[in-house]
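Okay, so here's the structure we're looking at.
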Amino acid sequence: MNQPVQKPTAAVLNAPVGEVIVLPPVTVRQRKPQWRKYCLSFFQRLVPAVLGMGLLVVTWQIAALNSKGFPTPLSTLESAITLFSDPFYNAGPNDQGIGWNVLASLQRVAVGFGLAAIVGIPAGFLIGRFTFLARMFNPIISLLRPVSPLAWLPIGLLLFQKAEPASSWTIFICSIWPMVINTAEGVKRIPDDYLNVARVLKLSEWTVMRKILFPAVLPAVLTGVRLSIGIAWLVIVAAEMLTGGLGIGFWIWNEWNNLNVENILIAIVIIGVVGLLLEQALMLLARRFSWEK
């Protein structure tokens, strides 16, 4: 049976009609292409660097014009072209190219720095892990760490009676402290929950070191390694000036005796570039093993 259709009442017919609000058109911003984003980031980094280098060159030129005997950037560039045209020539023990001198210094750094890492990182683990060892060795570290690097060189000459091991010894004793200190601090900052779980599981001390402490402390260890490599590269230049032989430090001193100031400035740039590359390589390694967001 069909039901009757109800007609709208007067109240419904007289109800006010709702107002329609017209919104303004929204402009959608288009995303910049990815290559434009990379180019913009590149130029934002490049332009300040170029300005900084330009300011350095201008200051250098002004200093050269107002100082007798100080080389200009152009004369230094000409000497650099001549120097790097044959960096690995060998005309005798005391006359070898800049390339051989840099490699000799890097070899000494590798020996001293490697020994410091072998000794310093495990020592830092033990000092950070055991309070008794920390109380035993912390006063010694605080006493020896501020000693000037060149003060250790005569001790090395006395111990080894040769210049070659003495240079590596100086690098070793100066670059070991950052690794010891950073590793020990990293171990101390490990949450107690990690060690409590190890005690519940009755893990051996070696397993705790290998499975818990080392992965957690690795970023701190790499920070100490990065600081140590910078110290090692600084120390070797000063040590080679005193011990002689093949190396970038002795090469600088020899060029000073020959009054080749252009070559000294070139060597300063080489030292800076090599040190920068070493530090950047270790920073990349540290970022690879860093779990901090």
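Just so you know, these numbers come straight off a predicted model, no measurement behind them.
- Note that the CG atom of N138 and the CG atom of L143 stand 12.5 Å from one another [nearest 0.5 Å].
- Listed for the W253 side chain is no donor-acceptor partner under 3.5 Å among the backbone atoms of E240.
- Here the CE atom belonging to M283 is positioned 9.5 Å from the OG1 atom belonging to T223, to the nearest 0.5 angstrom.
- Counting only distance, with no hydrogens or angles, the side chain of S85 and the backbone of T82 share a donor-acceptor pair below 3.5 Å.
- Between I181 and R145 the shortest side-chain heavy-atom distance falls below 4.5 Å.
- For K188, the NZ atom is densely surrounded, since the number of other residues' heavy atoms within 6.0 Å is greater than 12.
- By the 6.0 Å contact criterion, CZ on F132 is open, its count of non-hydrogen atoms from other residues, nucleotides or ligands being 12 or less.
- Within 6.0 Å of the CD atom in Q107, the count of heavy atoms belonging to other residues, nucleotides or ligands does not exceed 12.
- Residues satisfying the side-chain hydrogen bond (donor to acceptor under 3.5 Å, both in side chains) criterion with S142, sequence neighbours excluded, are absent altogether.
- With N182 contributing its side chain and L222 its backbone, the two residues share no donor-acceptor pair below 3.5 Å.
- Looking only at side-chain heavy atoms (C-beta outward), I270 and F84 come within less than 4.5 Å of each other.
- Side-chain atoms of I229 and V109, non-hydrogen and from C-beta on, do get closer than 4.5 Å to each other.
- A donor-acceptor pair under 3.5 Å is absent between the side-chain atoms of N260 and the main chain of W256, judged by distance alone.
- Across S175 and A232, no two heavy atoms sit closer than the pair CB-CB, 4.3 Å.
- For the atom pair CG (L103) and CD1 (I98), the distance works out to 10.0 Å, reported to the nearest 0.5 Å.
- Checking side-chain atoms of N66 against main-chain N and O of I62 turns up a donor-acceptor pair under 3.5 Å.
- Contact annotation: the side chain of W177 never approaches that of V147 to less than 4.5 Å [non-hydrogen atoms, C-beta and beyond].
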After noting the C-alpha distance and the side-chain angles of W152 and V235, does the key distance pass the side chain to side chain contact (heavy atoms under 4.5 Å, CB included) rule? CA-CA 11 Å; W152 294 106; V235 169; over 6 Å; no
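- Note: M136 CE to L126 CG = 11.5 Å, rounded to the nearest 0.5 Å.
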Can you list the steps and then say if T243 with T170 is a side chain to side chain contact (heavy atoms under 4.5 Å, CB included)? CA-CA 11 Å; T243 58; T170 306; over 6 Å; no
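- The local environment of CH2 in W60 is crowded, with over 12 non-hydrogen atoms from other residues, nucleotides or ligands closer than 6.0 Å.
- A single hydrophobic cluster is seen to contain both W233 and I268, as judged by linkage of ILVMFWY side chains at heavy-atom distances under 4.5 Å, directly or through other members.
- Between M179 and V221 the shortest side-chain heavy-atom distance does not fall below 4.5 Å.
- In plain terms, the two heavy atoms of N263 and S79 that are nearest each other are OD1-CB, 4.1 Å.
- Here OG1 of T72 is found 10.0 Å from CG of L265. Values are rounded to the nearest 0.5 Å.
- Closest heavy-atom contact between I248 and V237: CG2-CG2, 4.1 Å.
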Steps toward side chain to side chain contact (heavy atoms under 4.5 Å, CB included) verdict (F172, I176): CA-CA 6 Å; F172 165 79; I176 192 174; 4.0 Å; yes
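- For the atom pair L218 CG and I121 CD1, the distance stands at 9.0 Å (nearest 0.5 Å).
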V269/T76 under side chain to side chain contact (heavy atoms under 4.5 Å, CB included): CA gap, chis, key distance, verdict: CA-CA 11 Å; V269 175; T76 304; over 6 Å; no
